[in-house]
Amino acid sequence: MANNDSFSDLLNMLTPTPDDPNQTPFQTVVRPARKRRMLFDSPVQLPTKPANPVIVSGIKPALTENPIKLARQIKNEKPNANIYSIKTLRSGDILIQPSDPHSTNILLQPWTPNSELGTPKPKTPQRIRPITHGVVICGVHPNTPLEDLKEELAFTNPVNITRLISKATGNPTWKIKLIVNDKQTKEALIKDGVSLGYSHHKVESYMTPPNITQCYKCQDFNHTAPNCPNETKCLRCGGKHNIKQCKIPKENAKCANCGGAHVALYKGCPKYKEIQSNLKHQQPPSTSYANVANPIQNSTPPPPPHHLKQKTNLSRKN
């Protein structure tokens with residue numbers, strides 16, 4: 001019992017007496033969370049607006065090999081420029097990405113004459129190729145001029161119209177390659193076909209020629225040199241050596257694949273044509289989505305040419 005009294009006295013001595021009588025001695029006080037402090041301020045300035053990058057050429061290798069020294073040198077030259085990143089290119093130049101357009105203008109100003117940095121210049125934007133869609137118009141006579149076809153197909157807003165040439169004979173084929181801008185026009189041409197004069201022509205999707213992989217070590221196909229298990233063959237004569245060691249003149253070339261009088265990279269090689277033909281047979285037929293989704297509706301005969309439609313409308317009015 002005495003031990004309990006002594007423990008209670010000790011607890012009362014350690015517990016502070018609150019100034020407010022309504023406050024309990026063990027009331028919990030919640031403190032606001034402290035913000036985490038960084039040991040140092042990062043020099044990287046996040047981009048606020050799109051800014052054009054700057055290329056600096058003619059820099060000494062000692063700077064490009066030391067990114068810390070390079071960053072200090074640029075900061076000393078342009079202290080008011082906010083820089084997001086610096087990248088060293090293969091050419092030895094550096095690519096600076098500013099954080100805002102104002103910093104781009106600062107970096108394009110000339111450096112000091114005694115600076116180890118080179119000449120700044122704006123980076124030319126890369127040309128973005130537009131997405132195009134190709135179709136093939138079948139059954140067009142080889143003697144039909146392209147000028148007449150361009151005039152007749154002007155309603156499709158064509159990007160390019162060319163005649164397909166046979167690789168085997170080199171003669172013009174009965175097919176016209178038409179490039180259009182949008183996918184809707186391509187699908188409409190494949191579904192309905194196209195009328196040239198009073199004749200209706202079938203339109204198919206243009207299939208790009210298949211790519212054939214050829215090894216430059218053994219000159220065989222369907223694999224690359226890093227994974228080639230075969231022995232080395234010369235590109236020019238087919239011997240067991242590299243082409244750099246070949247002493248055979250170009251006029252006496254011999255194919256390593258078929259033995260013909262040409263180099264192994266010749267596209268007219270019988271072995272190359274055989275593989276190309278096999279790849280073409282493996283490709284799926286050019287069938288439009290509309291024909292697959294509704295085969296019954298699309299099995300109806302094609303509509304009459306627009307010239308006939310105009311004549312029918314005129315006869316009805318009369």
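Bear in mind that the values here come from a model prediction, so they are computed numbers and not experimental data.
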Please table the atom pairs, donor to acceptor, closer than 3.5 Å between any side-chain atom in residues 242-264 and protein atoms at least two apart or in another chain.
from, atom 1, to, atom 2, distance (Å)
Asn242, OD1, Lys244, N, 3.0
Asn257, ND2, Gln219, O, 2.9

Those residues that, when tested against His133, pass side chain to side chain donor-acceptor pair (under 3.5 Å) (two or more places apart):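 None.
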Set of residues satisfying side chain to side chain donor-acceptor pair (under 3.5 Å) with respect to Thr169, sequence neighbours excluded: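 Partners of Thr169 by the side chain to side chain donor-acceptor pair (under 3.5 Å) criterion, ordered by chain and then number, come out as Ser166.
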Applying side-chain contact (heavy atoms from CB on, under 4.5 Å), can you list everything that pairs with [X], at least two apart in sequence or on another chain?
X: Asn160; result: Thr162, Ile179
X: Asn157; result: none
X: Pro67; result: none
X: Thr232; result: Lys217

Note, Ile55 side chain near Leu95 side chain (heavy atom, < 4.5 Å):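 The answer is yes, as the side chains (C-beta and beyond) meet within the 4.5 Å cut-off.
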So which pairs with a foot in [range] pass ring pair (Phe, Tyr, Trp, His ring centres under 6.0 Å), sequence neighbours left out?
range: residues 217-246; answer: none
range: residues 60-81; answer: none
range: residues 62-81; answer: none

Which residues share a salt bridge (charged side-chain N to carboxylate O under 4.0 Å, His left out) with Glu231, sequence neighbours left out: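 Glu231: salt bridge (charged side-chain N to carboxylate O under 4.0 Å, His left out) contacts with Lys240.
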Shortest non-hydrogen contact between Ser103 and Asp100, atoms and distance: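 That closest heavy-atom pairing would be N-OD1, 2.8 Å.
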Atom pair CG/NZ of Asn278 and Lys273 - distance to nearest 0.5 Å: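 Rounded to the nearest 0.5 Å, the CG-NZ separation comes to 14.0 Å.
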Interatomic spacing from CD1 in Ile176 to CG in Leu153 - rounded to 0.5 Å: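 That separation rounds to 8.5 Å.
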Contact list for residues 171-185, test side chain to side chain donor-acceptor pair (under 3.5 Å), sequence neighbours left out: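 Sorted pair list: Asp182-Thr185.
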